[in-house]
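Since the structure comes first, as structure tokens, the remarks are kept for the end.
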4 protein chains.
Amino acid sequence: MVFSLDAKSGVPFYRQIIEQVKFAVARGDLKPGDQLPTVRQLAVDISINPNTVIRAYRELELEGLLETQQGSGTYVSEKQPEIDAVERQRMLDQIVTELLARASGYGFTLDDVLDGVRQRKEESS
Amino acid sequence: MVFSLDAKSGVPFYRQIIEQVKFAVARGDLKPGDQLPTVRQLAVDISINPNTVIRAYRELELEGLLETQQGSGTYVSEKQPEIDAVERQRMLDQIVTELLARASGYGFTLDDVLDGVRQRKEESS
Amino acid sequence: MVFSLDAKSGVPFYRQIIEQVKFAVARGDLKPGDQLPTVRQLAVDISINPNTVIRAYRELELEGLLETQQGSGTYVSEKQPEIDAVERQRMLDQIVTELLARASGYGFTLDDVLDGVRQRKEESS
Amino acid sequence: MVFSLDAKSGVPFYRQIIEQVKFAVARGDLKPGDQLPTVRQLAVDISINPNTVIRAYRELELEGLLETQQGSGTYVSEKQPEIDAVERQRMLDQIVTELLARASGYGFTLDDVLDGVRQRKEESS
DNA sequence: GTGGTCTAGACCACC
DNA sequence: GTGGTCTAGACCACG
């Protein structure tokens, strides 16, 4: 799995790592039992402070997505946490709300955003 | 114009004010020449420190959206800064990218997001 | 004498008035004994607060450039204050220093400014 | 890079810092990628409140001159914002206009100013 | 009355 | 360690 960070995005590094891991798991690129890069290795690979990697892994572990085996490494949990459907929907709502608010601040309408997302879909298909 | 802050959102107060002003201008609720609430008045209204309001107004002034006349008040600029079409598109791209990145982190597909936004559209119509 | 204010310049109104009066006297447009517009008249003419006019006139009176005769009006002093040559030079130095500093902040060289001033000279001749 | 403040000038501290940074970048004393003094360090060095330094750095960041990396420090942007040539000329015009206006207020002619600036040039050469 | 600047100090987020 | 946000309150400048 390949990680990449964007320092200019304003999104903190540890969040970018978290999202990339979640994305990889959601896509199936990372399967239960798969090992993740070691903290030190990943830190070197993407040129960041090991503490930042630790923080990302720890949060993912707290969520139940990862498991660390002392001395062995960090792995994708065998039992992926089931997210309550209601909770899940609320999550999406929250994300959509925030981004729409930001978009409207720049004068974009809901349709503008809708078109933007549709366009991505075409590009990816 | 009505302002409201959400202390739990994690979004800094001054950013919330900035976005609400931008939104109001984009919607036409605030027109060029209109006076904004005075710093002290708004501070009292939404129960925050005047310095925080000043900061929000100041950033909007630096962007060219507002103008302040010492001793008189703060107004919406007569000449709203024109946003370059290319710049605008890049802005939308960035917003959509973040929207999708955040959503995918929770396992949502592009279609899930599309549905989420569509749903908003129906609600608002 | 015609006054005009530029609200966008950032220079406070009372300073703009002061400089315009000084300029008019320096040019000879206003001679010793000449009456200036009354405070109220000028305030109406240029659409500002009378207090602002009062402030400008008062500072000019303190410098000895104007004299107010209660109930009669404000006049250019018969005896224009002589500014010490050294003081005068220091004044110019200070003005030049500040503006050059600001110009350099935008990457302009001393020659750029020099050219800018020369250009004005040609335009005015 | 050495900073120095003049409390008597009437120019706000944060503006003085901004102009000194711009000047240093324009001169090449600060190059893209260079780190600036930390907020706290600079605050101690020039004996002002850290908030004032933050404010200066922040405005420079909004202009695109600096970039801050949370937890790491503040750096000169790799891509310095390009100033539109027209915009640049307007800026110079504005500076020259103010220079002449202020000078004429003290009875200096355009030639006096020209001499004053020329003199600076000789001194600096 | 209006906005602007600065300080002091608390608390937070990130690396 | 780094920068960021917010508060409280003083003092100033402008109209």
Side-chain angles (χ1 to χ4, degrees), chain A residues 5 7 10-18 43 46-56 59, chain B residues 5 7 9-17 35-43 46-59 61 66-75, chain C residues 5 7 10-18 39 43 46-56 59, chain D residues 5 7 9-17 35-43 46-61 66-75:
Chain A
L5 297 183
V11 181
F13 290 164
Y14 82 96
R15 278 231 128 278
Q16 293 187 39
I17 296 173
I18 288 175
I46 55 182
S47 306
I48 61 169
N49 190 311
N51 283 329
T52 306
V53 180
I54 290 175
R55 176 167 183 179
E59 291 211 7
Chain B
L5 296 184
S9 71
V11 180
F13 291 165
Y14 81 93
R15 279 232 129 276
Q16 295 186 39
I17 296 173
Q35 179 173 7
L36 278 92
T38 69
V39 168
R40 287 167 171 81
Q41 188 57 51
L42 180 52
I46 56 182
S47 304
I48 62 170
N49 190 296
N51 280 329
T52 305
V53 179
I54 286 178
R55 173 167 187 181
Y57 280 9
R58 172 162 190 80
E59 283 203 14
E61 193 188 357
L66 302 183
E67 282 175 13
T68 82
Q69 294 197 341
Q70 265 289 22
S72 160
T74 306
Y75 304 83
Chain C
L5 297 183
V11 181
F13 290 164
Y14 82 96
R15 279 229 127 278
Q16 294 186 39
I17 296 174
I18 288 175
V39 168
I46 56 181
S47 305
I48 62 170
N49 190 311
N51 284 328
T52 305
V53 180
I54 290 175
R55 175 166 185 181
E59 290 210 7
Chain D
L5 296 183
S9 72
V11 181
F13 291 165
Y14 81 93
R15 280 232 129 278
Q16 295 186 37
I17 296 174
Q35 180 172 9
L36 278 93
T38 68
V39 168
R40 289 167 171 81
Q41 188 58 51
L42 181 53
I46 55 180
S47 305
I48 62 169
N49 190 298
N51 279 330
T52 305
V53 179
I54 287 178
R55 175 168 184 181
Y57 280 8
R58 173 165 189 80
E59 283 203 14
L60 286 164
E61 192 188 358
L66 301 184
E67 283 175 10
T68 82
Q69 293 197 342
Q70 264 288 23
S72 159
T74 306
Y75 304 83

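Lettering follows sequence order; numbering is per chain, from 1.
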**Request:** Would you indicate which nucleotide in E:dA13, E:dT2, F:dG15 comes nearest to any side-chain atom of B:Arg40?
**Result:** E:dT2
**Prompt:** Does the side chain of D:Leu42 come within less than 4.5 Å of D:Ile48's, by heavy atoms?
**Reply:** no
**Test log, rule side chain to side chain contact (heavy atoms under 4.5 Å, CB included), inputs D:Ile17 and D:Ile46** = CA-CA 10 Å; D:Ile17 296 174; D:Ile46 55 180; 4.1 Å; yes
**Asked** Distance check: side-chain N/O of D:Thr38 vs OP1/OP2 of F:dT2, anything under 4.0 Å?
**Response** yes
**Request:** Examine E:dT5: is either OP1 or OP2 under 4.0 Å from a nitrogen or oxygen in the side chain of D:Tyr14? Give yes or no.
**Result:** yes
**Prompt:** Is there a donor on the side chain of B:Asn49 or the base of F:dG9 sitting less than 3.5 Å from an acceptor on the other?
**Reply:** no
**Gap between atoms CD1 and C1', on A:Ile54 and E:dC14 respectively (whole Å)** = 14 Å
**Prompt:** Any idea which heavy atoms bring D:Leu36 and D:Tyr75 closest together, and the distance?
**Reply:** CD1-C, 3.9 Å
**Asked** Does a side-chain heavy-atom distance below 4.5 Å link D:Tyr57 with D:Val39?
**Response** yes
**Item:** Whole angstrom value for the distance that separates P of E:dT7 from CG of D:Leu42
**Value:** 12 Å
**Request:** Name the residue closer to the 5' end of DNA chain E, choosing between D:Ser47 and B:Gly73 according to the nucleotide with the nearest heavy atom.
**Result:** B:Gly73
**Request:** Check whether any side-chain nitrogen or oxygen of D:Ser72 sits under 4.0 Å from OP1 or OP2 of F:dG1, and answer yes or no.
**Result:** no
**Message:** Taking donor-acceptor contacts at under 3.5 Å, does the side chain of D:Asn51 reach the base of F:dG4?
**Reply:** no
**Asked** So, do D:Thr38 and D:Val53 sit near enough that their side-chain heavy atoms are less than 4.5 Å apart?
**Response** no
**Prompt:** To the nearest Å, how far apart are D:Gln69 CD and E:dA13 C1'?
**Reply:** 15 Å
**Fill in**
Atom CZ of B:Phe13 and atom C1' of F:dA8 are separated, to the nearest Å, by 15 Å
**Request:** Using atom OH of D:Tyr75 as one end and atom C1' of E:dC14 as the other, report the distance to the nearest whole Å.
**Result:** 13 Å
**Prompt:** Reckon B:Arg55 has a side-chain N or O less than 4.0 Å from the OP1 or OP2 of F:dT5?
**Reply:** yes
**Message:** Within the 4.0 Å heavy-atom criterion, would you say C:Ile48 contacts the bases, only the backbone, or no part of the nucleic acid?
**Reply:** nothing
**Asked** Within the structure shown, what part of the strands sits under 4.0 Å from D:Tyr57 by heavy-atom distance: base, sugar-phosphate, or nothing?
**Response** nothing
**Item:** Nearest heavy-atom neighbours spanning B:Gln69 and C:Ala7
**Value:** NE2-CB, 3.6 Å
**Complete:** Rounded to whole Å, the CD1-C1' distance (D:Ile17 to E:dT5) equals 12 Å
**Asked** Could you give the CD-to-C1' distance, from A:Gln16 to E:dC15, as a whole number of Å?
**Response** 13 Å
**Prompt:** Can you find a pair of side-chain heavy atoms, one from D:Arg58 and one from B:Glu59, that are under 4.5 Å apart?
**Reply:** yes
**Message:** Tell me whether the side-chain N/O atoms of D:Thr68 come closer than 4.0 Å to OP1 or OP2 in F:dG4.
**Reply:** yes
**Prompt:** In which stems does DNA chain E show up, taking only runs of three or more Watson-Crick or G-U wobble pairs whose two distances fall under 3.5 Å?
**Reply:** E:1-14 with F:1-14
**Message:** Rounded to whole Å, please give me the gap between CG in D:Leu66 and P in F:dG3.
**Reply:** 12 Å
